[in-house]
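All remarks here apply to the structure that follows.
Predicted model, so just to flag it, every value in this text is computed and none were measured.
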Amino acid sequence: MGMVYAEITLVNAVDLGMSERHLIDKDEVKQINVRMLVDSGAYIMAINESIREQLDLSFIEKRKAIMADGSVKEYDVVGPVMAKFANRTATCNAFVLQGNNEPLLGVIPMEEMDVMMHPQRQEQIVNPKHPEYAQLIMKKAGVLLHD
C-alpha cells in the first residue's frame, strides 16, 4: 500500500470555544486546511512549526517520542486542536515537528473520527459502517467502561 493523504481542516479549539461563548467573532477563529499524511503507525497528530504559528496553539508540555528508526526525540506538545474531515471531528493535542516537516494524522484522532484508510483508492474515508456519524467503542473485552 502506498502513502495515504487526506485534506484536513485544523482549528484552534480554544478560539472555537471562545467564539461559542461570544467572546470573539466566528471569523476570528484560526483555522487552516492542511494535506496530512494518514499514518497508522503514529499515535497522535504531528504538525509543523508553521501550522502551530498560524493556528497560534498554546504550549502544553514536552514529550518524548520513539521514531521509526528507534531513536527517541523530544517535542513540544500544543493544543487543543480540532481536526475536521468530511462529517467528522476530533479534538486532541499535537506534537510540533521542526521546520516545515510533513504533518501526520495519527490513529488517536482517526479512531475518534471513525475513519479508515481505503488501500485500493489510497485515501482516507469515513467508516462505511457508520456513514452518518462517528461511532466509538465504549467497552472492551465485554467489560463496560464506567465514567
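Smallest separation of non-hydrogen atoms from Glu112 and Ala90: OE2-CA, 3.4 Å. Minimum heavy-atom separation, Leu105 to Met45: CD1-CE, 4.1 Å. In plain terms, the two heavy atoms of Asn93 and Pro80 that are nearest each other are OD1-CA, 3.8 Å. The two residues Asn48 and Asn100 come nearest to each other via the heavy atoms ND2-OD1, 3.4 Å. Between Phe59 and Val78, the shortest heavy-atom contact is CA-CG1, 4.1 Å. Closest approach of Pro109 to Tyr43, counting heavy atoms only: CD-O, 3.8 Å.
Note that CD of Glu111 and CG of Asn127 are 9.5 Å apart. Values are rounded to the nearest 0.5 Å. Considering CG of Leu16 and CD1 of Ile24, their distance stands at 8.5 Å, rounded to 0.5 Å. Taking CD1 of Ile60 as the reference point, atom CG of Asp76 lies at 10.5 Å (rounded to 0.5 Å). From Arg35, atom CZ reaches atom CD1 of Ile8 across 11.5 Å, with rounding to the nearest 0.5 Å. Atom NE2 of His130 is separated from atom CZ of Arg88 by 8.5 Å, given to the nearest 0.5 angstrom. Between the CD atom in Glu102 and the CG atom in Leu97 there is a gap of 9.5 Å [rounded to 0.5 Å].
Hydrophobic clustering (ILVMFWY, side-chain heavy atoms < 4.5 Å, transitive): Leu23 and Met82 are in one cluster. No single ILVMFWY cluster, assembled from side-chain heavy atoms under 4.5 Å apart, contains both Val11 and Phe85. Residue Val126 is grouped with residue Met110 when hydrophobic side chains (ILVMFWY) are merged at heavy-atom distances under 4.5 angstrom, including chains of intermediate members. Taking hydrophobic clusters as Ile, Leu, Val, Met, Phe, Trp and Tyr residues chained together by side-chain heavy-atom distances below 4.5 Å, Val4 shares a cluster with Met113. A chain of hydrophobic side-chain contacts below 4.5 Å, direct or via other Ile, Leu, Val, Met, Phe, Trp or Tyr residues, connects Val115 to Met117.
The closest side-chain heavy-atom distance from Met36 to Ile51 is not below 4.5 Å. Side-chain contact between Leu57 and Asn12: present, with at least one pair of heavy atoms (C-beta onward) separated by less than 4.5 Å. A 4.5 Å side-chain heavy-atom check between Lys129 and Gln135 finds every atom pair outside the cut-off. Here the side chains of Tyr133 and Asp114 are not in contact, with every heavy-atom distance at 4.5 Å or above. Using a 4.5 Å cut-off on side-chain heavy atoms (C-beta onward), Glu49 and Gln98 make contact. Counting only heavy atoms from C-beta outward, the side chains of Val77 and Phe95 approach each other to under 4.5 Å.
Around atom NZ of Lys62, more than 12 heavy atoms belonging to other residues, nucleotides or ligands sit under 6.0 Å away.
Under the 3.5 Å distance criterion, the side-chain polar atoms of Asn87 are matched with a main-chain donor or acceptor of Glu132. Put simply, the side chain of Asp69 gets close to the backbone of Ser71: a donor and an acceptor are under 3.5 Å apart.
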